[in-house]
Amino acid sequence: MTTDKTITEDDVSRMAALSRLSISSEERTLFARQFQDILGYMDVLAHSDTDGVEPLYSPSEHAQTGREDCALRLSTRDATLANAPQQDGTYFVVPCIVQAG
Amino acid sequence: MTDICSLSLTAVANALQKKEISALETTQACLNRIEATEPKIAAMLLVNNENALQRARSLDAAGPDPALPLWGVPVTVKDALSTKGIVTTAASRILEGYTPFFDAFAVEKLHKAGAVLLGKTNLDEFAMGSTTENSAYQTTRNPRDTTKTPGGSSGGSAASVTAGQCFASLGSDTGGSIRQPAALCGCVGIKPTYGRVSRYGLIAYGSSLDQIGPLARTVEDCACVLRVIAGHDPRDATSALLSVEDYAAGLDKNALKGVRLGMPKEFFNNEGLSAEVRLACEDALKTARNLGVELVEVRLPHTEAAIATYYIIAMAEASSNLARFDGIRYGKRANSTKDLAELYECSRSEGFGQEVKRRIMLGTYVLSAGYYDAYYRKAAQVRRLLRDEYLTALAACDALCAPVSPITAWQLGSHTTDPLRMYLMDAFTLSLNLAGLPGLSLPVGLGKESNMPVGMQLIGNAFDEARLIALAHALEQNLPDVGRPAL
């Protein structure tokens with residue numbers, strides 16, 4: 001565990017960038033303190049001996065059932081586009097991704 | 001029929017089938033109750049008056065059908081479940097106005113069983129919270145004392161059921177979000193086994209933890225709804241291919257004789273457990289013992305690590321699940337952004353509330369290079385230890401019993417500034433989600449000091465809901481009623 005790590009405001013900025021979030025300077029200060037507390041609390045896990053323990057990622061032990069691998073039409077184009085903030089009747093519209101050379 | 005809204009779901013469903021009351025009359029009574037109580041409790045994010053009345057009229061025109069167990073029964077649904085043609089927000093600004101073109105599996109099942117959907121209930125944004133105070137729209141109040149929290153995240157559902165606005169509500173439980181509000185409001189809530197109810201159409205928070213379940217005023221009512229919504233669904237790969245039992249059939253008030261109930265020492269000896277909650281649980285267990293229950297002490301030694309384990313896993317899964325909210329296909333989009341990256345960042349920052357941001361960022365952190373093994377993998381290993389401990393404890397008895405919330409409903413606003421303190425309140429509920437096991441929260445009395453309801457949970461082996469329901473029903477018949485709120 002990273003028991004003695006201090007969470008700085010720079011750490012918080014990096015976490016925000018990785019999360020595709022922008023945060024205010026007040027939030028940065030607040031989160032640094034709160035994350036320090038929360039991650040500090042997580043260190044309780046260090047007391048658990050997990051040598052050789054296989055991680056458990058899902059609790060389901062019952063057989064997982066896949067469905068037939070075939071395309072299904074679950075909605076129409078209109079229904080799918082209906083919630084888009086911007087669309088042209090055929091496609092979702094987004095800002096320019098690649099700048100012209 | 002004097003007050004339709006005070007009936008149990010079972011009683012109203014019978015009266016509807018016998019045409020003693022009409023679906024329209026029942027729906028109108030609930031809508032009137034909503035109108036009278038909403039200014040005090042704010043349980044509903046959306047009330048669907050016209051659709052509900054229209055649905056009731058068409059049911060009446062077709063006439064009752066004994067094959068439809070919820071024929072004409074008005075229900076509400078947590079706003080984390082998708083409803084076709086009805087705005088679904090998960091109490092987040094980022095989904096303001098979002099209207100799904102499909103129903104969640106559990107909602108589809110309610111419709112097919114003849115239920116009337118009255119509207120959508122409030123929750124903490126994306127189900128992240130224990131009070132509904134993290135809702136971007138409103139804070140729900142406890143119908144028994146409107147200065148106090150109804151709990152959360154399914155606080156709107158618990159308040160709606162308790163206030164008599166509906167006969168049952170669907171909630172979702174990722175770390176206690178059905179059981180804890182049921183306990184704080186004084187109604188019954190079931191978190192089924194992971195895989196018992198399809199998660200299709202539930203807006204995902206922690207996908208390996210989330211489970212949909214019913215809240216209602218009696219155990220039998222919850223059993224009736226669980227039977228309707230359970231079952232296999234090919235659209236959720238974790239949905240179990242098991243037949244559904246008639247959970248409400250053969251309920252017997254003598255079902256406790258000869259039953260062994262395990263009391264986890266780490267829960268009952270927990271220093272955070274308030275005296276009044278402990279006392280109410282002990283009184284209920286005294287009653288159980290008089291009815292033939294044998295109480296045995298069991299151990300869950302990794303309980304101390306459960307909160308950290310849970311929050312690491314839940315936040316990691318949340319950070320991944322909530323990556324889909326990008327302002328492109330649905331939901332909020334920020335204005336005047338210069339490129340795609342800025343559009344993502346601004347849309348998400350404007351759309352998410354502070355607790356959601358906190359969990360996404362911490363989840364991203366515990367999954368990031370250099371920290372993954374120390375946090376996420378370690379938590380997944382402890383998760384196995386916790387699950388194995390539950391299974392060992394359950395091998396020695398028929399079910400476990402435990403408090404739900406360490407304290408009764410608290411004052412609104414009293415815990416909002418310290419997220420860690422709030423996380424610690426989930427100590428008795430969240431390990432069940434890590435283990436994927438079923439739990440039922442039953443009101444067992446009123447706290448001596450607060451005079452607010454105390455909930456006790458019964459915990460069983462995977463897919464053992466029928467036994468939990470049978471035991472809880474028998475206990476319920478022998479415990480004093482916690483009464484109705486005076487609203």
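Below, chain A is the first sequence line, B the second, and so on; all start at residue 1.
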Q | Derivation of the side chain to side chain donor-acceptor pair (under 3.5 Å) call for B/Thr88 and B/Thr83 | A | CA-CA 7 Å; B/Thr88 300; B/Thr83 44; 3.1 Å; yes
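Heavy-atom distances place the backbone of B/Leu434, and not its side chain, under 4.5 Å from chain A. Neither the backbone nor the side chain of B/Thr193 comes within contact range of chain A, judged by heavy atoms closer than 4.5 Å. Looking at B/Arg387, only its side chain comes within 4.5 Å of chain A, counting heavy atoms on both sides. For B/Glu342, no part sits under 4.5 Å from any heavy atom of chain A, backbone or side chain. Heavy atoms closer than 4.5 Å to chain B are found in the side chain of A/Ile23, but not in its backbone. Heavy-atom distances place the side chain of A/Gln34, and not its backbone, under 4.5 Å from chain B. Both the backbone and the side chain of B/Tyr194 have a heavy atom closer than 4.5 Å to some heavy atom of chain A. There is no contact between A/Asp11 and chain B, counting heavy-atom distances below 4.5 Å. Looking at B/Ala435, the atoms closer than 4.5 Å to chain A (heavy atoms on both sides) all sit in the backbone: N, CA, C or O. For chain A, the nearby part of B/Leu343 is the side chain; its heavy atoms alone come within less than 4.5 Å. Neither the backbone nor the side chain of B/Ala462 comes within less than 4.5 Å of any heavy atom of chain A. There is no contact between B/Ser319 and chain A, counting heavy-atom distances below 4.5 Å. Residue A/Val93 touches chain B through its backbone alone, counting heavy-atom pairs closer than 4.5 Å.
Residues A/Met15 and B/Thr364 fail the side-chain proximity criterion, which asks for heavy atoms closer than 4.5 Å. Taking 4.5 Å as the limit, every side-chain heavy atom of A/Tyr41 sits out of range of all side-chain heavy atoms of A/Asp37. B/Asn134 has its side chain out of reach of B/Phe126: every pair of non-hydrogen atoms, C-beta onward, lies at least 4.5 Å apart. For the pair B/Lys191/B/Ile459, no side-chain contact is recorded, criterion being any heavy-atom separation below 4.5 Å from C-beta on.
Of the possible donor and acceptor atoms, none in the side chain of B/Asp339 sits under 3.5 Å from a partner among the backbone N and O of A/Ile97. Of the possible polar contacts, one joining the B/Glu266 side chain to the B/Leu300 backbone as a donor-acceptor pair under 3.5 Å is found.
Chain A forms the most heavy-atom pairs under 4.5 Å with one residue out of B/Ser207, B/Ala240, B/Gly195, B/Ser239, and that residue is B/Ala240. Of the residues considered (B/Gly436, B/Ser208, B/Ala237, B/Pro234), B/Ala237 shows the highest number of contacts with chain A, using heavy-atom pairs under 4.5 Å. Here B/Ala305 is the residue among B/Ala323, B/Ala305, B/Pro100 with the most heavy-atom pairs under 4.5 Å with chain A. Per-residue heavy-atom pair counts under 4.5 Å with chain B were compared for A/Glu68, A/Glu54, A/Arg14, A/Glu27, and the maximum is reached by A/Glu54. Counting heavy-atom pairs under 4.5 Å between each of A/Leu81, A/Leu74, A/Thr80 and chain B puts A/Thr80 at the top. Of all the listed residues (B/Ser347, B/Ser349, B/Gly363), the one sharing the greatest number of non-hydrogen pairs under 4.5 Å with chain A is B/Ser349. Between chain A and the residues B/Ile307, B/Leu386, B/Val366, B/Asp418, the most heavy-atom pairs under 4.5 angstrom are made by B/Ile307. Heavy-atom pairs under 4.5 Å with chain B were tallied for A/Cys96, A/Ser58, A/Ser48; the largest tally goes to A/Ser48. For the set A/Pro55, A/Ala16, A/Ala79, A/Ala17, the count of heavy-atom pairs under 4.5 angstrom toward chain B peaks at A/Pro55.
The CG atom of A/Leu45 sits 8.5 Å away from atom OG1 of A/Thr50, with the distance rounded to the nearest 0.5 Å.
When each of A/Leu39, A/Ile38, A/Val12 is checked for a side chain to side chain contact (heavy atoms under 4.5 Å, CB included) with B/Tyr365, only A/Leu39 meets the rule. Under the side chain to side chain contact (heavy atoms under 4.5 Å, CB included) rule, B/Val197 has a single partner from B/Ile212, B/Val244, B/Asp210, which is B/Ile212.
The aromatic rings of B/Tyr200 and B/Phe102 sit tilted, their planes meeting at an angle between 30° and 60°.
Not less than 6.0 angstrom separates the ring centroid of B/Tyr330 from the ring centroid of A/Phe92. Aromatic ring centres of B/Phe325 and B/Tyr98 lie farther apart than the 6.0 Å criterion allows.
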